[in-house]
Every structure is written in C-alpha cells, then in structure tokens.
There are 2 protein chains.
Amino acid sequence: MVDPSAVARVLKAAQELGYRLDPVAASLRTGRSKLVGILVPDIATSVFTPILTGATERLSARGYSTLVAYVGGAPEQQLDIAGGLIARRVDGLIIATASRHDPLVSFCVEQKLPAVLVNRAEKEARISAVVSDDIQGMQLAVDHLVDLGHTDIGHLAGPPEHSTGFLRRQGFAQGLAARGLDPLKAPCEVAGNYTREQGAESMRRLIDARPDITGIVAANDLLALGAYDALQERHMNCPRDISIVGHNDMPLVDLVHPALTTVRISHREMGLQAADLLQQAMEDNDQLIRNIVLPPKLIVRASTAAPRTTLAKRAASSSRKADRR
Amino acid sequence: MVDPSAVARVLKAAQELGYRLDPVAASLRTGRSKLVGILVPDIATSVFTPILTGATERLSARGYSTLVAYVGGAPEQQLDIAGGLIARRVDGLIIATASRHDPLVSFCVEQKLPAVLVNRAEKEARISAVVSDDIQGMQLAVDHLVDLGHTDIGHLAGPPEHSTGFLRRQGFAQGLAARGLDPLKAPCEVAGNYTREQGAESMRRLIDARPDITGIVAANDLLALGAYDALQERHMNCPRDISIVGHNDMPLVDLVHPALTTVRISHREMGLQAADLLQQAMEDNDQLIRNIVLPPKLIVRASTAAPRTTLAKRAASSSRKADRR
DNA sequence: CAAACCTCTACAATCGTTTGTAAAAAATCA
DNA sequence: TGATTTTTTACAAACGATTGTAGAGGTTTG
C-alpha cells in the first residue's frame, strides 16, 4: 500500500528516537495488556518452579509477560490477589492453586476471563486444565511394589482438598484392587500438606499402627523423604525393612540415600502446555474446555526391593531346586 | 476535615459498586506503577527461588507487585528484557543477573532508575547490593578442611564473570594463605556454569591432574554434587578418599549420601533485604549506595573427614601414648 | 468596610495509545 | 459529466486516574 521506502524511513526514525509503543497507554485504551497472571501456592516447592519456567518461557516467546502471585498460606486471600491481577488487566490466568471446587474458577467463568488450571484440577471440568495422570501414576507405583512381591502396602496421602492428594489416594486404592488386594485393609495416613515434616509424622503413625507393612507409596517425594527420616529415627532400613515409592521425581532425589524410586511427572511440560492452552483461549477466544492429561513414568531406583519374606521364600525355593538336581 | 459519616457513606458506596482504583490509568498518569521488575538468570536453580520468594513476600507486603523476567541463556538480551520492564513503568529493578561489570547497571545509573543487585555484585559498587560474604564463606570452608588435617586442597571454581565465582576463588586462595599453604600450588578447575555436569567434568580433570588431593572446596553445591558423581565413577569414596565442601546449603543436600558439608547462605534473607533497600531507594529517593554483606555459616555434615594420612598419624601417636602408660 | 490573604471546590488538562467517525479524495458507474 | 460508492486521510473521543489552576467562598487585617 504505502511506499516501502517511506515505511523504512519512518521505522528508522522511530528507532533513532528510541520510540517504543507504551504498553501502559495501550493497555488503558484496549483493556488488554499482554500480561498473564500466574497463581502459585509457593514458589519454593520444586513442583511449581518448573511449571513456572515452562509457562513463562512459552508465554514470553509469544510476546506475553507474566505477573506471578504467590498465594502462599492464604487461600482465602486468593480472590483478592487475583483481583489485583485483573485490575492490572491481565489477559488471562494460569492457576496452579486450585482446590477441588475453587471460587476463583467460578469467578473466571462468570467474568469470561480466560484461565487454565495446571497441576491441580477441579472436581468437575469447568475450564481447561493440564494435569498429570495421577491415578495412573499411583497404579504404576503399586504395580511395581506388587511385582516385587509386596502385599502389605500403605499410603502416605496428600491433602484431600487438592486434586493431587485426592486422586492419588484413589489411584492407590484402584491399583491395589486391580492386583487383587483389598484397598480397605491398606493403611493410609493423610498429611495436611506436602512437607518432609508431615511425611515423617504420617510415617511414624503408620508404622505404629501397622508394623507389618513392607511397602509405602507416598503421594509426593517430600512425603517420601519425610518417611526416610522416620525410618532413620527407628533404626529401620529402606529398602530392606520397608520399600518406599515417591511421586514427582524432583531434583536430587536420585542422590539421596537410598536413591528414591518415584513417579516422574514433567512439570515443565505441564507449564508449556498450559501456556499454549491459555494462548488459544485468549487469542482465538476459544471457549472449548480441554483436559490435557500427561502420562507419568515410573523411575526405579534403590528405595524399593523385594520384601524379606519374599526373599526368604525365593531362597527356600531355589535351595529346593538345588536339592533336586 | 470532612464529615466522617460522609466519608463512611462514600466508602460504603464504593465498596458496593465494587469500585477499585485502576492501576493502569494511575500508572499512565503518574509514571509510577507499584511494580518492581526482578531479573533472574533462571528460576529452576535453588539459589534464586528463595531470593525471589523473599523479595516478593516483602514487596507485596509493601503494596508492590513483581514482574519476574528470566534472562536465562540470553545475557545479551538482558537490556531488551529490562527495557520491556521499564516500558511497563516498573518503579525499580532487582537484578540477580549482574556480571562483574554490567551494562544494565550502567543504564540504571544513567536513567536514575532505582535498582538493587542481589547475590551477585559488580566489581565496583555503583548501586546498592545485597550479597553473601563469599570470601569469608570460602575461608570457613578452607579452615574446616585444614583443621581436619588436610594440606592438599583443590578448588572447583564457578564462572569468573560472576562475582560469586570470582570472589569465592579469591576467598579460597586467601583462606589457604592464611593457614600457611601456598595458593599457587593448589589445583583449581573452573566450571563454565553451576551445574552438576560441569562439577563432574571439573572433578575428573582435577583428580587426573592431581591424584594426591584429599580435600575439595566447591564454589557451589551443584558442583559439589557433580564431584560426587565423578568420585562414584572412579570408585572413590567421600569422605574416606576425598573430603568435599559445598556452598549454599541448598535443599536436600542434607539427605544426599554422604550428607554434604557446606556453607550456608540465607538466600531468602538476601531477597528480603534487597526488597527493603529497593523500597528505600524508590520511596525516599535515597541515592545512598549501600552494600549489605550477609555472614555465611559452615554446616558440617558427613562429606568431610580427616585425611587418611592424618588418621594414620593419630593412630600412631595414640598407640605411642598407650605404650608410655 | 475594603483590601489582602487563605482555603476549598470544581473543572480541565494530561498521560499515550486505540478506534470510531466525519470529511476528503479517489474510483466506479450510468 | 454528475451521482454514487469506495477508499483514504485526519481528527477527536475515550480509557481512568492525577494534578494544576481558576474562581468561589471565607477569614483576617489595616
């Protein structure tokens, strides 16, 4: 349309004057901002950092900046915090803090504000979400222990108000049932939050209640590491006395002693996918609700082994075989 | 001044209508934004997450929101990225990505944009900074090894373009000299970045070059953990064959095997202090350059022990004593 | 009582874009 | 060519606060 040399001249002049479009003014006029708000419970957890990295990376490649808000220990403030982001005209929200029925989600639905859940989903799918297949992850863990010969398996559960805690507990039960074990007889201790301390506390209770347990599936690596602490207190050995499976495969769990067998989740990938989903919702005004469920993977390390009873049996049977020869 | 009941009525009405001051409009008019930009190299490192948490926590308590930008692998883009933040009218910058002479700092000084360095300082103090006492931290580490009886001590150094890598190497040398050991004779391998892989690589080279080494001071925990990997490859044992001291006391290094002796830095505290400093610079228009240096602390765990030569000597001397009795 | 001064209220300009509209110019058609 | 339609250009309104200013109203003082 316009003389291209003129375009070039204008662009050059703009460059020389250091002219940049003012995003604040543009935002005021349009109501949009090229900003995305991300709500995380707390950054320190190694679960949320890769989610953040992934989401931020993808969004910034698409020209969006991120406004990260830490909801921290104040879930009741979450709506206010989100309100602050919305006042700043964020174009969309990535929510990593959702409870199984979250008022913030209701709010987003009402206001038609594009939003995507990540890591934790709601009970019913009102907006798109990217999660790991928590049920399948636990089944992998249970299968692994059962394959090793364990029959007395306990669960260190996470907070039931989050989908991760809830679904993993459910997956644990399903996994047992699928292998012919009775989930109702399996001991389960519910931790209030995902910390090493809570893991240790739950583990102590579990051992006291059911000393016959030989295998533990934890809802989270930190809980599993807490279980390590509890075992050490009682001078018990993992995996000789009790096998432990974690969940998340967070950094360094391959270096702890014993190296932790765990279920790997690609949190980074969750962040990337959430960013993609949100971008679609923001730009194509695409109201489709999508549920992306990423497949977990069992990583076998040194914290799981056959229970001593099975080892004894094997020894016995192999010696019988030897006798027959 | 005004009838207080009228004030109450107006406030109530505002509340009912859901009126909130529009930060975007205010920002356009005033040029201020109640936003602070934070530049981090990458979020995944356990060094920067607590800094971020600390800074964000303090700032949000003061009514500021944070705009976090990951400079990642693109230091040459740093100025552009910062430009984006400035276009958004950030009131100040917290810079965790500074090299020892950083163009972004020059820019902030010229533009009189309040900014604070954190974790990494510049060579010359042009703006305020909050850092750990890297020199002293290394001296603690060296002292510890020398006290145990080590005389052949090597250093796994970090990137020299960052103050942490540079100063820790310097602190290592000073620490040796203070104990009468010759720093020039001490082997040192410089890692290109703070990763486990680089740590392993450096450690391999160091062992090959100087098999007589009995103690290692690493500039960072990840490098130390990489050294663990290298030792394992060669079937060497820590601390029996070689003692290792890390730096940072990042989460879980107490659980690795052997539990890592390391120099604890309160990164969270650095974040808090940086936030305070920045707030002063922003609000009091306080141009004072302050340098906050936090004291590090040695945390002794299981990765350090007396070298075998010393143990042998002690055994000999104690048996002599026994003879005399 | 008028002049000078101070206080308060109300209004308009401003920040820098985007976007709708009106006018002008160009193009199409009878 | 004149009427009609389309395209281009130019301009102004709007976003929602902040802030300076002019004028109204009140108070003090010679």
Side-chain angles (χ1 to χ4, degrees), chain A residues 1-37 59-60 62-67 69 80-93 107 111-114 279 281-285, chain B residues 1-37 59-60 62-67 80-93 107 111-114 279 282-285:
Chain A
M1 298 274 165
V2 185
D3 179 13
S5 81
V7 172
R9 279 209 315 283
V10 170
L11 253 45
K12 208 182 99 204
Q15 174 80 28
E16 276 165 14
L17 289 166
Y19 174 81
R20 299 186 69 161
L21 220 94
D22 185 329
V24 177
S27 184
L28 177 60
R29 177 63 239 248
T30 61
R32 274 165 280 116
S33 62
K34 285 279 177 182
L35 278 176
V36 168
L59 287 170
S60 77
R62 304 271 197 273
Y64 288 87
S65 297
T66 51
L67 215 44
D80 277 339
I81 294 174
L85 295 176
I86 291 163
R88 285 232 153 75
R89 304 275 210 278
V90 291
D91 296 344
L93 240 37
F107 182 82
Q111 304 286 313
K112 295 196 192 306
L113 178 70
Q279 195 200 6
M282 291 186 304
E283 291 177 6
D284 310 343
N285 212 330
Chain B
M1 296 269 165
V2 185
D3 180 12
S5 82
V7 171
R9 278 209 316 282
V10 169
L11 254 43
K12 208 182 100 203
Q15 173 80 26
E16 275 165 13
L17 289 165
Y19 174 82
R20 302 187 67 162
L21 221 94
D22 185 329
V24 177
S27 184
L28 177 61
R29 176 64 236 252
T30 60
R32 275 165 280 117
S33 62
K34 284 281 177 179
L35 279 175
V36 169
L59 286 170
S60 76
R62 304 270 197 275
Y64 288 88
S65 297
T66 52
L67 216 43
D80 278 338
I81 294 173
L85 295 176
I86 292 162
R88 285 234 154 73
R89 304 274 209 282
V90 291
D91 296 343
L93 241 37
F107 181 82
Q111 304 286 313
K112 296 195 192 305
L113 178 69
Q279 195 200 5
M282 291 186 304
E283 291 177 5
D284 310 342
N285 213 330

>> So which atom in Ala87(A) and which in Val24(B) form the shortest heavy-atom distance, rounded to 0.1 Å?
In response: O-CG2, 4.0 Å
> Over how many whole Å does the gap from Arg88(B) atom CZ to dT17(C) atom P extend?
Replying inline: 13 Å
Side-chain heavy atoms of [X] within contact of [Y], under 4.5 Å:
X: Leu93(B); Y: Val36(B); value: no
X: Leu35(B); Y: Leu67(A); value: yes
X: Asp91(A); Y: Glu283(A); value: no

>> Can you pull out the residues from residues 22-32 of chain A that lie within a 4.0 Å heavy-atom distance of DNA chain C?
In response: Asp22(A), Ala25(A), Ala26(A), Arg29(A), Thr30(A), Arg32(A)
>> Keeping Ser60(B) on the side-chain end and Ser65(B) on the backbone end, is there a donor-acceptor pair under 3.5 Å?
In response: no
